[in-house]
Protein chains: 2
Amino acid sequence: MTVTLADVAARARVSPATVSRVLNGNYPVAASTRERVLRAVDDLDYVLNGPASSLAAATSDLVGILVNDIADPFFGIMAGAAQAEIGGPGDGSGRAGGEKLAVVCNTGGSPERELTYLTLLQRQRAAAVVLTGGAVEDPAHRAAISAKLTKLADAGTRVVLCGRPPLPDGEAFVAALAFDNRGGARRLTEHLLSLGHRRIGYVAGPAERTTTRHRLEGHRDAMRAAGLAVGGAAEAGRTAGAGRTAGGQGWPGDARDEDRLTVHVSYDRRSGYAATLELLDREPEMTAVVAANDTVALGACAAVRERGLRIPEDVSVAGFDDLPFSVDAVPALTTVRLPLAEAGARAGRLAMGKETPPPGGIATIAAELMVRGSTAAPRGR
Amino acid sequence: MTVTLADVAARARVSPATVSRVLNGNYPVAASTRERVLRAVDDLDYVLNGPASSLAAATSDLVGILVNDIADPFFGIMAGAAQAEIGGPGDGSGRAGGEKLAVVCNTGGSPERELTYLTLLQRQRAAAVVLTGGAVEDPAHRAAISAKLTKLADAGTRVVLCGRPPLPDGEAFVAALAFDNRGGARRLTEHLLSLGHRRIGYVAGPAERTTTRHRLEGHRDAMRAAGLAVGGAAEAGRTAGAGRTAGGQGWPGDARDEDRLTVHVSYDRRSGYAATLELLDREPEMTAVVAANDTVALGACAAVRERGLRIPEDVSVAGFDDLPFSVDAVPALTTVRLPLAEAGARAGRLAMGKETPPPGGIATIAAELMVRGSTAAPRGR
DNA sequence: CTGTTAGCGCCTTCAC
DNA sequence: GTGAAGGCGCTAACAG
């Protein structure tokens with residue numbers, strides 16, 4: 001019923017092996033023979049049996065790209081760029097030669113689903129796997145993922161991390177491209193501080209994620225450097241003192257300000273909206289809000305306006321990622337640009353072995369501060 | 001080296017056949033035996049060989065979801081919902097039982113790549129394929145896709161269309177969920193007309209796509225019903241007359257107004273920006289702009305402001321899709337809501353055979369007009 | 001350059 | 001309820 005390679009061989013009057021050779025193109029075949037085989041393939045409308053070929057060759061042409069949230073352009077842009085690099089342009093014939101099948105898998109940010117997808121990809125003997133975005137830092141999951149990645153690597157699957165820092169466990173990977181979230185966040189907050197802001201709220205992403213932690217750390221680094229926040233009990237004395245020097249009325253400098261002015265939410269605008277309302281309640285004198293990402297920042301903007309406050313006159317708002325829509329926000333959003341498409345494309349090339357990995361396998365990708373209309377000096381009040 | 005089913009069988013002291021049976025769960029096995037096998041699987045950290053099993057069973061657990069642009073939330077939302085429905089919640093063990101591997105493939109809107117992906121999926125003997133979003137209407141591609149889908153269906157792959165109308169060729173599919181783009185677009189333009197707008201610009205999507213055509217048709221239906229635009233040469237006389245009755249100074253009613261006030265661009269904000277600038281040049285008296293979708297509308301808003309015009313006082317702007325960010329635009333965007341998540345989920349269930357197809361296999365999904373702040377009555381001028 | 005020969009690892013009738 | 005055996009369709013050594 002279904003046409004097989006043997007059928008093609010018969011029609012082209014060659015052996016199955018020869019057909020296999022022209023199809024895979026990895027072996028010298030006489031031009032005339034190839035011609036005949038190709039014609040037979042077209043005549044019979046033959047399509048290679050993937051599973052059979054993967055079984056025999058012990059490799060498949062599947063490449064998985066894992067993302068935390070496919071509805072978020074942050075991931076869409078990276079995944080799209082990676083996929084374009086992996087899938088190749090196609091030859092328009094629809095015949096699909098030796099192309100890889102680049103597919104994206106949506107984990108929804110769930111470590112369980114991430115693990116499941118990894119297993120499924122392992123089962124398919126995937127040629128490569130690209131993990132994008134921040135990882136959950138829960139030790140159990142971290143270990144499980146590490147073990148799984150090691151197994152994948154052992155089985156010959158190329159593992160690439162994109163926008164995700166290599167874990168301390170040191171799992172096996174071809175390359176890890178990490179964004180400089182910490183540095184970007186620090187520069188962003190420094191920008192606000194230089195504008196004169198002192199009461200800065202922070203809407204952080206979900207706790208336990210590397211991206212969240214790094215961005216928050218960058219923010220706090222800047223705050224502390226300005227003597228504006230307290231890290232933990234150990235630093236309370238010193239930093240509180242510095243704080244008092246800088247601020248007034250016992251503020252800033254309160255040992256709990258960091259916590260009081262930080263809210264953890266998920267990466268969506270609704271959460272940003274709610275969290276900002278909450279921050280505004282906690283600290284009515286707040287003059288700036290830094291959001292975990294641009295999407296959250298949009299929600300923050302809505303909340304600020306909801307309270308009858310103007311951006312940036314009354315409250316400055318900043319985001320992170322510089323997604324395409326951020327420049328169209330009104331006012332345009334000050335944010336930190338991450339070269340998502342470039343990183344995704346590079347990850348794709350790394351997964352294909354088309355590019356040599358960075359020294360040590362690890363590369364840090366710079367984040368660029370984009371100052372736009374949503375931030376300005378605070379009104380004197 | 002790599003552990004196989006036979007290894008598990010040996011360790012569990014049963015035959016390979018039995019192991020296969022407990023793994024697939026499609027056959028009665030004594031509880032104690034199953035227990036033993038499962039333990040052996042865990043002990044050995046066995047992972048099924050997908051290609052081998054697909055080859056033997058002549059089916060795979062791969063389900064492909066094709067999207068035009070993975071960086072566009074329009075597709076991300078649908079794909080994510082479908083994937084969640086297909087992939088199941090996972091059991092947290094990372095063992096991955098009889099789960100399907102739901103993957104999304106980014107065609108970039110290119111028919112060639114769409115065809116290539118379809119071939120790749122066919123090669124993998126995919127269990128199902130979900131095609132999302134509008135199709136290109138070029139006859140050659142239409143025929144090629146149709147033929148391919150028929151072949152897939154013949155091979156046992158369940159084909160589901162989501163947000164894509166069934167093609168006239170009548171290709172084989174389990175179900176087709178089509179958005180009421182035409183009706184939604186018509187109601188949107190009717191809303192503007194009822195507000196008093198007469199000079200309405202339209203930033204359409206890429207030509208040759210069903211979505212573009214349907215939305216544009218809906219818009220023109222409304223315009224013509226109001227006697228405000230001219231379809232083609234055939235209708236020029238009649239409609240132009242009606243137009244003159246309604247308008248003044250030979251406008252509206254010009255036989256080329258439809259073309260003059262319509263610009264085709266791709267679905268991104270930059271295009272929306274450029275197109276709107278162009279429209280503003282062509283028709284400075286324009287009081288409203290309808291965009292192909294929300295993303296394009298955002299660009300349109302930027303262009304309107306660039307010209308020093310206010311929204312909605314000077315120019316009303318409307319979008320389509322009601323993506324999450326649209327409500328946060330300033331002013332909030334009037335648009336047409338499409339139940340993307342619901343449609344995607346339903347498509348996923350259909351692909352899994354978990355839901356019975358609509359009568360005739362075709363269902364139209366309603367589009368709801370969302371009136372918000374970006375549209376208002378035109379200033380008298 | 002091309003044909004021949006063995007499997008790849010699993011599922012699936014069949015018997016028991 | 002369980003085991004034994006054949007083959008799914010293709011690739012990868014080998015010969016020639």
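Chain identifiers are assigned alphabetically (A, B, ...) following the order of the sequence lines, protein sequences preceding nucleic acid strands; residue numbering begins at 1 within each chain. Hydrogens, waters and symmetry mates play no part in the numbers below; they use all other heavy atoms, side chains included.
- Taking B:Arg125 as the reference, nothing meets the salt bridge (charged side-chain N to carboxylate O under 4.0 Å, His left out) condition, with sequence neighbours excluded.
- No hydrogens or angles considered: nothing links the side chains of A:Gln122 and A:Lys151 as a donor-acceptor pair under 3.5 Å.
- Taking the 5' to 3' direction, DNA chain C first and last meets chain A under 4.0 angstrom from a heavy atom at C:dC1 to C:dG9.
- By the 4.5 Å heavy-atom criterion applied to side chains, A:Leu66 and A:Thr132 are not counted as neighbours.
- Panel note: side chain A:Thr210, backbone A:Gly134; no donor-acceptor pair is recorded below 3.5 Å.
- Listed by chain and residue number, B:Arg11 satisfy the salt bridge (charged side-chain N to carboxylate O under 4.0 Å, His left out) test with B:Asp43 (two or more places apart in sequence, or in another chain).
- Nearest to the side-chain atoms of B:Val14 among the listed nucleotides D:dG3, D:dG9, D:dG1 stands D:dG3.
- Only B:Thr4, B:Leu5, listed by number, bring a heavy atom of residues 4-13 of chain B to less than 4.0 angstrom from any atom of DNA chain C.
- Looking at A:Ser15 and A:Thr18, their side chains do bring a donor and an acceptor atom within 3.5 Å of each other.
- The shortest distance between the side-chain N/O atoms of A:Ser20 and the OP1/OP2 oxygens of D:dA12 is not below 4.0 Å.
- In this structure, A:Leu101 and A:Val63 have side chains that are not in contact, with every pair of non-hydrogen atoms separated by 4.5 Å or more.
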Please output the side-chain donor-acceptor pairs of residues 23-34 of chain A that fall under 3.5 Å, not counting sequence neighbours, one pair per line with the distance.
residue: A:Asn24; atom: ND2; partner: A:Ser20; partner atom: O; Å: 3.0
residue: A:Asn24; atom: ND2; partner: A:Ser20; partner atom: OG; Å: 3.3
residue: A:Asn26; atom: ND2; partner: A:Asn24; partner atom: O; Å: 3.2

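- Listed candidates were D:dG3, D:dT11, D:dC8. Nearest to the side chain of A:Ala56 is D:dT11.
- The side-chain hydrogen bond (donor to acceptor under 3.5 Å, both in side chains) analysis of residues 50-60 of chain B, with sequence neighbours excluded, yields no pairs.
- Remark on DNA chain D: of its neighbouring residues B:Leu55 and B:Ala31, the 5'-side contact belongs to B:Ala31, judged by nearest-heavy-atom nucleotide.
- Nucleotides of DNA chain C nearest to A:Arg36 and B:Val19 differ in position, and the one nearer the 5' end is that of A:Arg36.
- For residues 129-147 of chain A, the set of pairs meeting the salt bridge (Lys or Arg N to Asp or Glu O under 4.0 Å) definition, not counting sequence neighbours, comprises A:Glu137-A:Arg213, A:Arg142-A:Asp169.
- Nearest-nucleotide mapping onto DNA chain D: of A:Leu48 and B:Ala57, the residue sitting toward the 5' end is B:Ala57.
- B:Ala102 meets the side-chain contact (heavy atoms from CB on, under 4.5 Å) test with A:Tyr117, B:Gln83, B:Ile86; sequence neighbours excluded.
- Taking A:Ala147 as the reference, nothing meets the side-chain contact (heavy atoms from CB on, under 4.5 Å) condition, with sequence neighbours excluded.
- Between its two ends, the helix from C:dC1-D:dG16 to C:dC16-D:dG1 turns its axis by 20°, counting five pairs per end and rounding to 10 degrees.
- A donor atom on one side chain and an acceptor atom on the other are not found under 3.5 Å apart for A:His141 and A:Glu114.
- Dashed line: the shortest gap from a side-chain N or O of A:Asn24 to OP1 or OP2 of D:dT11 is under 4.0 Å.
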What pairs of nitrogen or oxygen atoms, one from the protein and one from nucleotides 13-16 of chain D, lie under 3.5 Å apart?
none

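- In this structure, the CG atom of B:Asn26 is 15 Å from the P atom of D:dG1, given to the nearest Å.
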Show which side-chain atoms of residues 349-356 of chain B pair as donor or acceptor with protein atoms under 3.5 Å away, not counting sequence neighbours.
residue: B:Arg349; atom: NH1; partner: B:Glu355; partner atom: OE1; Å: 2.2
residue: B:Lys354; atom: NZ; partner: B:Glu85; partner atom: O; Å: 3.0
residue: B:Glu355; atom: OE2; partner: B:Arg346; partner atom: NE; Å: 3.0

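- Nucleic acid contact for B:Thr33: sugar-phosphate only, since backbone atoms but no base atoms lie under 4.0 Å from a heavy atom of the residue.
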